[in-house]
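Proteins come first, then strands; the chains are lettered A, B, ... in the order of their sequence lines, and each starts at number 1.
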Amino acid sequence: MISEHPRVRFAPSPTGYLHVGGLRTALYNYLFAKNQNGKFILRIEDTDRNRFVEGAVENLINVLKWIGLDYDEGPAKGGNYGPYMQSERLDIYKKYAEELIEKKHAYYCFCSPERLSEVKEEQKQKGLQPKYDKHCLSLSREEIENNIKSGMPYVVRLNVPPDLKVAFDDIVRGHVEFDSNGIDDQVLIKSDGYPTYHMANVVDDHFMKITHVVRGEEWLSSTPKHVLLYDAFGWEKPQFAHLPLLLNPDRSKLSKRQGDVAVEDYRAKGYLKEALLNFVALLGWNAGDDVEFYYLDEMIKKFSLERVNKSGAVFDLAKLHWLNAEHLRKLPDRDLLRLLREELAASKFKNNDYSDEYLLKVITAMKERVSFVREYIEKSPYFFERPETYEENAVKKSWKENTPELLKKLIEAFSKLDSPNKEDYENVLHKTAEELQVGNAKLIHPVRLATSGLSAGPGLFDILVILGKEETIFRLQDALERVKI
RNA sequence: GGCGCGUUCGUCUAGUGGCUUAGGACGCCGCCCUCUCAAGGCGGAGACCACCGGUUCGAAUCCGGUACGCGCUACCA
């Protein structure tokens with residue numbers, strides 16, 4: 001059954017956004033496909049008309065594109081096994097539902113929602129498991145034809161045989177077994193003519209030649225129904241791999257209420273796609289070594305479904321944050337430059353002109369100090385504007401009675417420099433401190449405060465070089481007037 | 001309730017019967033570096049491997065039970 005070129009699919013329903021759990025499922029499918037030299041297919045499971053969301057499919061495709069999980073076949077791209085939107089495959093489901101009815105593996109059901117809930121209620125009171133009572137299974141051919149002719153709404157149900165062990169071997173969970181008596185006669189075709197997930201899923205996976213079904217654990221309990229369907233059709237079953245769930249910090253299933261769940265939310269917050277992918281990959285998988293920092297191509301090389309964990313994983317923002325900083329630091333400068341420019345364009349500095357050379361200097365100075373691109377601006381606004389205020393605590397700490405006097409001497413010394421570099425500033429400052437018989441710190445801290453308005457940042461002399469002599473002197477003089485003890 | 005799945009530091013995890021006084025990472029704390037903040041280096045606290053029983057010379061690792069958590073139990077996926 002292990003095909004040489006596996007075909008896997010990511011099959012989300014278009015509910016409006018891509019959930020990070022969905023991203024992880026998509027990623028594992030993608031990694032597995034690429035690792036095995038197989039195909040990664042995108043299929044849209046839009047069989048619930050009540051949950052249809054305008055633009056959701058486009059959005060999904062855009063997010064996948066942004067994050068770099070390129071699919072081989074799917075909507076807007078095509079392929080030999082389309083269409084890849086289930087709403088465009090209704091005829092296929094209908095045809096195969098009829099085949100199942102022919103074979104007595106499925107049957108028409110005309111029961112009203114009212115009768116269904118009555119039956120269920122009765123069973124509950126008797127302490128039985130609520131299950132459809134196969135009432136319509138015994139309808140005669142004439143009754144069925146008359147009902148249909150008279151326009152009575154109906155569904156098609158799977159005829160689950162009693163007393164059957166339904167078993168399968170899951171790649172991550174091993175041997176799993178269910179008793180068919182515990183499986184309801186699942187609706188296959190709804191009264192609106194649309195298939196349910198189970199029907200559409202099995203039919204599509206078969207005709208799209210899917211070899212491995214890699215999906216969330218919430219589907220594990222439904223898998224026996226799918227197994228029954230494959231058997232009823234006489235089709236070869238794919239391999240199953242059920243992934244552990246992503247959890248909230250309180251270990252409940254990851255939900256909107258307790259934080260962001262949409263990939264776009266994280267994107268909007270400034271997380272890099274590299275970090276998101278890296279983070280989510282490690283939630284339930286590791287290569288068995290100590291590597292935690294990954295690029296997509298390395299993950300592809302090392303990924304295997306056999307090394308996927310069984311237990312749910314808490315989505316830990318602190319680690320995502322660290323990975324983001326880590327990826328950001330390792331990003332090539334030209335990428336950082338592009339990202340910084342995007343960030344600037346969306347900031348209050350959008351009308352200012354900065355040369356690549358200037359921004360690259362800022363990047364070099366701040367690289368080790370930021371976790372998000374926006375922090376290049378937030379943590380060092382002084383590279384983009386003169387300080388408006390001076391950090392209060394820092395003033396208290398380093399701006400002394402004699403500071404103005406010392407700074408005046410330093411300004412004088414700086415003025416004499418001719419296009420100074422880092423060492424020139426440093427030497428002059430040291431020399432001035434010596435002449436004034438004070439420690440370097442007595443000058444360094446006030447200068448930092450005067451030029452940046454802050455007490456923390458890159459090395460002072462790096463800042464001065466970036467600002468340039470003229471601006472440095474201006475800011476020093478400006479501070480002389482504006483800093484109040 | 002029924003069925004299924006799961007349970008190793010706060011979190012992500014390594015571990016597939018002896019190499020384990022249970023390893024790594026994030027976070028936290030301390031030290032070093034140092035003009036500050038980071039980054040980096042070094043170190044520390046943190047897990048009676050859910051619990052009980054069994055198998056074995058030996059168990060986090062195998063078996064059974066219990067507890068707890070989660071999932072499913074829809075004409076939602």
Go through A/I44 and A/Q86 one step at a time and tell me if the side chain to side chain contact (heavy atoms under 4.5 Å, CB included) criterion holds. CA-CA 6 Å; A/I44 304 297; A/Q86 290 186 329; over 6 Å; no
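- Note on A/V447: nothing from the nucleic acid sits closer than 4.0 angstrom, heavy atoms only.
- Distance, A/K310 NZ to B/C70 C1': 16 Å, rounded to whole Å.
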What's the verdict on ring-ring contact (aromatic ring centres under 6.0 Å, His included) for A/Y194 and A/Y93, showing C-alpha distance, side-chain angles and the deciding distance? CA-CA 8 Å; A/Y194 276 66; A/Y93 309 126; 9.0 Å; no
In B/S/- notation, 5' to 3', how is nucleotides 31-47 of chain B contacted by protein heavy atoms closer than 4.0 Å? ----BBBBS--------
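- With rounding to whole Å, A/L128 atom CG is found 11 Å from B/G1 atom C1'.
- One can place NZ of A/K225 at 14 Å from P of B/G4, the figure rounded to the nearest angstrom.
- Rounded to whole angstrom, the span from the NZ atom of A/K120 across to the C1' atom of B/A74 amounts to 6 Å.
- Between A/F178 and A/F168, the two ring planes are parallel [angle under 30°; tilted spans 30° to 60°].
- By the 30° and 60° cut-offs, the orientation of the rings of A/H226 relative to A/Y197 is tilted.
- The partner of B/A45 is absent, by the rule that a Watson-Crick or G-U pair needs both atom distances under 3.5 Å.
- Toward the 5' end of RNA chain B, the nearer of the two residues A/S252 and A/S112, judged by each one's closest nucleotide, is A/S252.
- Residue contacts for A/E177: at a heavy-atom cut-off of 4.0 Å it reaches the sugar-phosphate backbone alone, with no base atom in range.
- At the heavy-atom level, A/S398 lies nowhere under 4.0 Å from the strands shown.
- Heavy atoms of A/K126 sit nowhere under 4.0 angstrom from any nucleic acid atom.
- Of the residues A/F372, A/Y271, A/F279, the one that meets the ring pair (Phe, Tyr, Trp, His ring centres under 6.0 Å) test with A/Y266 is A/Y271.
- In the model, A/N29 has no side-chain atom that pairs as donor or acceptor with a side-chain atom of A/R9 under 3.5 Å.
- Checked against the 6.0 Å centroid criterion, the rings of A/W285 and A/Y294 qualify as a close aromatic pair.
- Between A/H242 and A/F240, the ring planes are parallel. Angles under 30° get that label, and only those over 60° would be called perpendicular.
- Across all strands shown, B/C5 forms a Watson-Crick or G-U wobble pair with B/G69, both key distances being under 3.5 Å.
- Residue-level contact check: A/F178 touches the backbone only, with heavy atoms under 4.0 Å from sugar-phosphate atoms and none from bases.
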Scoring nucleotides 11-24 of chain B by protein non-hydrogen atoms under 4.0 Å (B base, S sugar-phosphate only, - none) yields SBSSS--------B
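- Two rings, from A/F303 and A/Y28, have their centers less than 6.0 Å apart.
- Going from atom CD of A/E218 over to atom P of B/G6 covers 16 Å, rounded to whole Å.
- Atom C1' of nucleotide B/C3 and atom CD of A/E217 are separated by 13 Å, given to the nearest angstrom.
- Using a 3.5 Å distance cut-off with no hydrogens or angles, the side chains of A/N393 and A/S455 do not pair a donor with an acceptor.
- As rounded to whole Å, 16 Å separates atom C1' of B/A77 from atom CG of A/L220.
- Atom CD in A/Q258 sits about 11 Å away from atom P in B/C70, given to the nearest Å.
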